[in-house]
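Inspection log for the structure reproduced underneath, given as structure tokens.
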Amino acid sequence: MWPFNKWLNLSLSLVLCYLVVLSSSQNPVERFEYKYSFKPPYLAQKDGSVPFWEYGGNCIASLENVRVAPSLRSQKGKSETSKE
């Protein structure tokens, strides 16, 4: 009876290890959230706003990118997603 229990225990351990390795190797498919990304060209609208984003301070939005601070000393800016 004892060898059967050892064999069963070993088999269950191997199956469990296989399932853990199998489940950890699969990457879940993530949904792309366009509200949390920038997509050039035409990033900034004609009125200077960026869809789904708020920016302030010395932040500069253009058609191709958002510059958080100009290359001058003591300049600060911020950019964050809109609270919708």
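- Applying the side-chain hydrogen bond (donor to acceptor under 3.5 Å, both in side chains) rule to S49 yields the partners D47; only residues at least two apart in sequence or on another chain are considered.
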Candidate pair L43 and V66, rule side chain to side chain contact (heavy atoms under 4.5 Å, CB included), full reasoning: CA-CA 8 Å; L43 180 64; V66 172; 3.4 Å; yes
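- Heavy atoms only, all atoms of each residue included: C59 and S79 are closest at SG-CB, 4.5 Å.
- Each salt bridge (Lys or Arg N to Asp or Glu O under 4.0 Å) pair with one or both residues in residues 63-79, not counting sequence neighbours, appears once here: K78-E80.
- The side-chain hydrogen bond (donor to acceptor under 3.5 Å, both in side chains) test applied to Q75 returns N58, not counting sequence neighbours.
- Shown here are the side chain to side chain contact (heavy atoms under 4.5 Å, CB included) partners of N65, two or more places apart in sequence or in another chain: S62.
- Annotation: ring-ring contact (aromatic ring centres under 6.0 Å, His included) contacts involving residues 53-73, sequence neighbours excluded, comprise F38-W53.
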